[in-house]
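Below is one structure, written out as structure tokens; the observations come after it.
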Amino acid sequence: MRKYGSTLVLVLVLFILSVCSLFIGVIDVNLQGLLGGNVEQLHIFLASRLPRLLAILCTGVGMSVAGLIMQQLCMNKFVSPTTGATIASAELGVLIALLFMPSSTLWGRALFAFAAAILGIWIFVWFIQRITFKDVVMVPLVGIMFSNVIGGITNYLAYKYEMTQALSSWLVGHFALVIRGRYEIVYLVLPLVILAFLFATHFNIVGMGKDFSQNLGVNYNLVLFLGLGIAAMITASVVVVVGAISYIGLIVPNLVALFKGDKIKGTLIDTALFGAVFVLACDMLGRVIIAPFELPIELIIGVLGSILFIGLLFYRLKNGRRAVAWLKKVKPEQQSC
């Protein structure tokens, strides 16, 4: 029970928040009206509230797992869809679809986003593999700069073809427009997360390096491509439906790792659950702060994520210096022995 205690607590918290979320909104929906067969309340519940909840849960689970996979494969705790250019690449893919296929369906735009996200994440990984000095902070900084380059290209194309307003309204992260018939693509997250769980051990091995993987008979390039492809497709499916939401894949895996360790198979379920709880809590906060109006979830997560990111940065740097000082102290003692 101690081993699964945190998982049970997260499940309980997620269930309570999910039930509360279904009854928070501008239009009053209550249990009495639903059980009494109120047609208007039933329509709002099935067409808006329930799809929104499902989209929130899939977003939290997917982005958290995508961040966990990227951190393991890149061997850096500050790599995520935000700092690994995946979100920016998916945004560029959506813009290209809007420019060249303006009448395309949601699935058509998703295909462009998938292709752009996979290409962007591979260019990022190819680039950091050629950096000699891979400091813990250097890799995410390179990713942020690469994301800004892609973002600059996206903004230039949007400005040139007068798509700035359309792109802004499409890619600002929020769940207000999630209704039945417009969010089902995000269900792709579920099979991708299951696939990630099945290959969790392989991701752990690949995260230890190419030579180590080959010694154990694991195809390094194939597993790396699979893992990064899963992370890219999860991110793209969320961006197409919800828009760009930063920091989930960066903050959640790090917070869970502080208590559960770095092994993917042991932390994946808790990471997914905590990601869903985190996104759901932020969404509820955005609906309550200035009710009956709603703040975009990107704003809430952006503020909280920035604060947590700075805290994690100082924590990692402090513990890293501690470890270096300890090694310097131990080495002379070992030599004297």
Side-chain angles (χ1 to χ4, degrees), residues 13-30 41 44-45 47-64 66-67 80-83 86-88 90-91 94 144 147 151 154-155 158 164-180 182-183 185-186 189 234-252 254-255 273-312:
V13 172
L14 182 60
F15 176 76
I16 294 171
L17 289 179
S18 298
V19 173
C20 294
S21 174
L22 291 171
F23 300 100
I24 294 177
V26 177
I27 300 176
D28 184 37
V29 175
N30 53 63
Q41 291 194 21
I44 293 170
F45 183 83
S48 178
R49 299 286 174 85
L50 188 59
R52 179 177 183 136
L53 175 62
L54 295 175
I56 290 170
L57 297 181
C58 289
T59 299
V61 169
M63 294 300 287
S64 302
S80 71
T82 306
T83 58
T86 317
I87 291 178
E91 291 177 349
V94 172
I144 291 171
S147 298
T154 303
N155 290 327
T164 305
Q165 187 173 358
L167 188 68
S168 299
S169 61
W170 183 271
L171 294 177
V172 173
H174 61 86
F175 293 97
L177 298 179
V178 173
I179 57 175
R180 187 171 54 195
R182 286 180 49 89
Y183 78 102
I185 289 176
V186 83
V189 166
I234 288 174
T235 304
S237 62
V238 171
V239 169
V240 168
V241 174
V242 181
I245 302 180
S246 307
Y247 292 111
I248 302 171
L250 175 64
I251 300 300
V252 173
N254 275 285
L255 292 176
L273 290 172
F274 185 65
V277 168
F278 180 69
V279 175
L280 185 55
C282 290
D283 178 72
M284 292 170 65
L285 193 62
R287 280 186 272 174
V288 169
I289 290 178
I290 57 171
F293 303 101
E294 180 177 335
L295 290 174
I297 191 172
E298 169 67 8
L299 175 63
I300 304 295
I301 291 183
V303 172
L304 294 178
S306 300
I307 297 171
L308 291 171
F309 177 71
I310 294 171
L312 285 169

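If you read the sequence from its start, that first residue is 1, and numbering goes on from there. Just so you know, these numbers come straight off a predicted model, no measurement behind them. Every heavy atom of this structure was used, including side-chain atoms; hydrogens, water molecules and symmetry mates were not.
- Taking CD1 of I87 as the start and OG1 of T82 as the end, the distance is 4.0 Å to the nearest 0.5 Å.
- When all heavy atoms of P51 and A47 are compared, the pair lying nearest together is CG-O, 3.5 Å.
- Considering OG of S306 and CD1 of I301, their distance stands at 11.0 Å, rounded to 0.5 Å.
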Yes or no on side-chain contact (heavy atoms from CB on, under 4.5 Å) for F274 and L255, after CA distance, side-chain angles and deciding distance? CA-CA 9 Å; F274 185 65; L255 292 176; 3.8 Å; yes
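- G249 approaches P81 most closely through the heavy-atom pair CA-CD, 4.2 Å.
- One distance of note links CG of L53 with SG of C20; it measures 11.0 Å at 0.5 Å rounding.
- Of the possible polar contacts, none joining the D283 side chain to the V279 backbone as a donor-acceptor pair under 3.5 Å is found.
- Across S147 and A88, no two heavy atoms sit closer than the pair O-CB, 3.8 Å.
- Of all the heavy atoms in D28 and N30, the pair that sits closest is OD2-ND2, 3.2 Å.
- When every heavy atom of F23 is checked against every heavy atom of V29, the shortest pair comes out as CD2-O, 3.0 Å.
- Put simply, the side chain of E298 gets close to the backbone of S246: a donor and an acceptor are under 3.5 Å apart.
- Put simply, the side chain of R287 never gets that close to the backbone of G25: no donor and acceptor are under 3.5 Å apart.
- Residues satisfying the side chain to side chain contact (heavy atoms under 4.5 Å, CB included) criterion with I290, sequence neighbours excluded, are F293, L295.
- Taking every heavy atom of both residues into account, I24 and V288 meet most closely at CG2-CG2, 4.3 Å.
- Checked against L17 for a side-chain contact (heavy atoms from CB on, under 4.5 Å), the options L14, V19, V13 give a single hit: V13.
- In this structure, the separation between CG on L299 and CG on L304 is 9.5 Å, given to the nearest 0.5 Å.
- Side-chain contact check for R52 and S21: no donor-acceptor pair (N or O, by modelled atom type) lies under 3.5 Å.
- With values rounded to the nearest 0.5 angstrom, R49 atom CZ is found 6.5 Å from I44 atom CD1.
- With rounding to the nearest 0.5 angstrom, the CE atom of M284 is 11.5 Å from the CD1 atom of I297.
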